[in-house]
Colleague: 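A single structure is presented below for examination.
Everything quoted here is computed from the prediction, not taken from an experiment.
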Amino acid sequence: MMFVCTDSEPDEDRTDDCDTWAAENDAAGRRVTGSALAPVDEAVTVRMRAGELLRTAGPFAESKNVIVGFDILECADLDEAVEVARQHPMARIGRLELRHFVDLD
């Protein structure tokens with residue numbers, strides 16, 4: 001899973017063509033799916049405490065850097081995933097966080 005996040009210190013040498021990156025990785029079979037997310041001000045945080053629903057408007061974490069999208073990648077190893085992430089336009093103006101899925105079986 002690759003989380004696409006904003007960053008308060010973007011690179012000046014940038015491109016915002018995420019559609020081309022997605023199309024190339026879709027065609028190569030490295031990107032399973034992905035999407036942009038609704039703005040953080042539309043987030044709702046849900047918790048249950050002592051049997052009571054606690055619903056809060058806004059994101060769970062208060063941060064100036066927020067998750068704005070995600071991609072699920074199918075890569076042979078972490079090195080390939082890093083190379084795929086390195087080529088994503090948001091690597092220059094944001095942050096990309098890679099995490100593998102845990103096999104719970």
Side-chain angles (χ1 to χ4, degrees):
M1 164 84 67
M2 183 175 74
F3 294 104
V4 180
C5 307
T6 61
D7 192 321
S8 58
E9 300 175 7
D11 189 341
E12 297 301 320
D13 178 24
R14 58 189 266 189
T15 177
D16 296 336
D17 191 7
C18 295
D19 291 336
T20 298
W21 177 91
E24 289 172 357
N25 285 284
D26 287 349
R30 291 183 297 256
R31 181 174 175 267
V32 177
T33 190
S35 181
L37 300 175
V40 70
D41 61 355
E42 295 180 22
V44 174
T45 299
V46 176
R47 297 178 292 156
M48 291 293 295
R49 298 295 184 269
E52 181 181 348
L53 170 64
L54 302 174
R55 177 181 167 159
T56 308
F60 168 73
E62 293 186 26
S63 172
K64 58 185 171 187
N65 302 325
V66 298
I67 298 171
V68 295
F70 73 94
D71 292 282
I72 296 177
L73 306 176
E74 183 70 42
C75 297
D77 54 28
L78 180 59
D79 290 337
E80 182 182 7
V82 169
E83 181 61 24
V84 171
R86 182 185 75 78
Q87 297 173 21
H88 194 289
M90 284 297 288
R92 293 192 179 277
I93 61 173
R95 297 174 186 227
L96 301 171
E97 180 178 328
L98 298 170
R99 292 197 202 177
H100 62 86
F101 289 100
V102 175
D103 184 2
L104 297 175
D105 291 331

Colleague: Just wondering, do M48 and L53 contact through their side chains at under 4.5 Å, heavy atoms?
Modeller: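 The answer is yes, as the side chains (C-beta and beyond) meet within the 4.5 Å cut-off.
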Colleague: Test of understanding: clusters of I, L, V, M, F, W, Y form through side-chain heavy atoms closer than 4.5 Å, transitively. Do I67 and L96 belong to the same one?
Modeller: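 Looking at the clustering, L96 is in a separate group from I67.
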Colleague: Any heavy-atom pair between the side chains of C18 and H88 that's under 4.5 Å?
Modeller: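 Counting from C-beta outward, H88 and C18 do come under 4.5 Å.
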Colleague: Got a sec: does the CD of E74 have more than 12 other heavy atoms crowding it under 6.0 Å?
Modeller: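 It does not: E74 CD has 12 such atoms or fewer within range.
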Colleague: Following the transitive rule for hydrophobic clusters with a side-chain heavy-atom cut-off under 4.5 Å over Ile, Leu, Val, Met, Phe, Trp and Tyr, establish whether L73 and F3 coincide in one cluster.
Modeller: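 No; F3 is not reachable from L73 via cluster members.
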Colleague: Hydrophobic cluster membership, with links at side-chain heavy-atom distances under 4.5 Å among I/L/V/M/F/W/Y: are M1 and V82 in one?
Modeller: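 In one cluster: no.
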Colleague: Should the pair R99-E97 be classified as a salt bridge under the 4.0 Å nitrogen-to-oxygen rule?
Modeller: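 Salt bridge between R99 and E97, a charged N being under 4.0 Å from a carboxylate O: yes.
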Colleague: Identify the heavy atoms of A85 and M2 that sit nearest to each other, and give their distance.
Modeller: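 For A85 and M2, the tightest heavy-atom pair comes out as CB-SD, 3.7 Å.
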Colleague: Is the backbone N or O of E80 less than 3.5 Å from a side-chain atom of D77, with the two atoms forming a donor-acceptor pair by type?
Modeller: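 A pair under 3.5 Å: yes.
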Colleague: Just by distance, do the side chain of T6 and the backbone of V66 share a donor-acceptor pair under 3.5 Å?
Modeller: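 Looks like yes, one N/O pair under 3.5 Å.
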Colleague: Between V68 and V40, is there shared hydrophobic-cluster membership here, with clusters defined by ILVMFWY side-chain heavy atoms closer than 4.5 Å?
Modeller: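 Yes; V40 is reachable from V68 via cluster members.
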Colleague: Which pairs count as side-chain hydrogen bond (donor to acceptor under 3.5 Å, both in side chains) when at least one residue sits in residues 22-31, sequence neighbours excluded?
Modeller: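 Every side-chain hydrogen bond (donor to acceptor under 3.5 Å, both in side chains) pair that includes a residue of residues 22-31, provided the two are not neighbours, is N25-R30, D26-R31, R31-D71.
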Colleague: Please report the shortest heavy-atom distance between D103 and D105, naming the atom on each side.
Modeller: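 Taking every non-hydrogen atom into account, OD1-N, 3.1 Å.
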Colleague: Are M90 and F70 connected into the same hydrophobic cluster when the rule is that any two of I, L, V, M, F, W, Y join if their side-chain heavy atoms are below 4.5 Å apart?
Modeller: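 F70 does not cluster with M90.
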Colleague: Going by salt bridge (charged side-chain N to carboxylate O under 4.0 Å, His left out), name the residues that satisfy it together with E83, two or more places apart in sequence or in a different chain.
Modeller: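 Once residues adjacent in sequence are excluded, the partners of E83 under the salt bridge (charged side-chain N to carboxylate O under 4.0 Å, His left out) criterion are R86.
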Colleague: Just wondering, are more than 12 heavy atoms of other shown residues or ligands nearer than 6.0 Å to CD in Q87?
Modeller: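 Buried by this count: over 12 neighbours within 6.0 Å.
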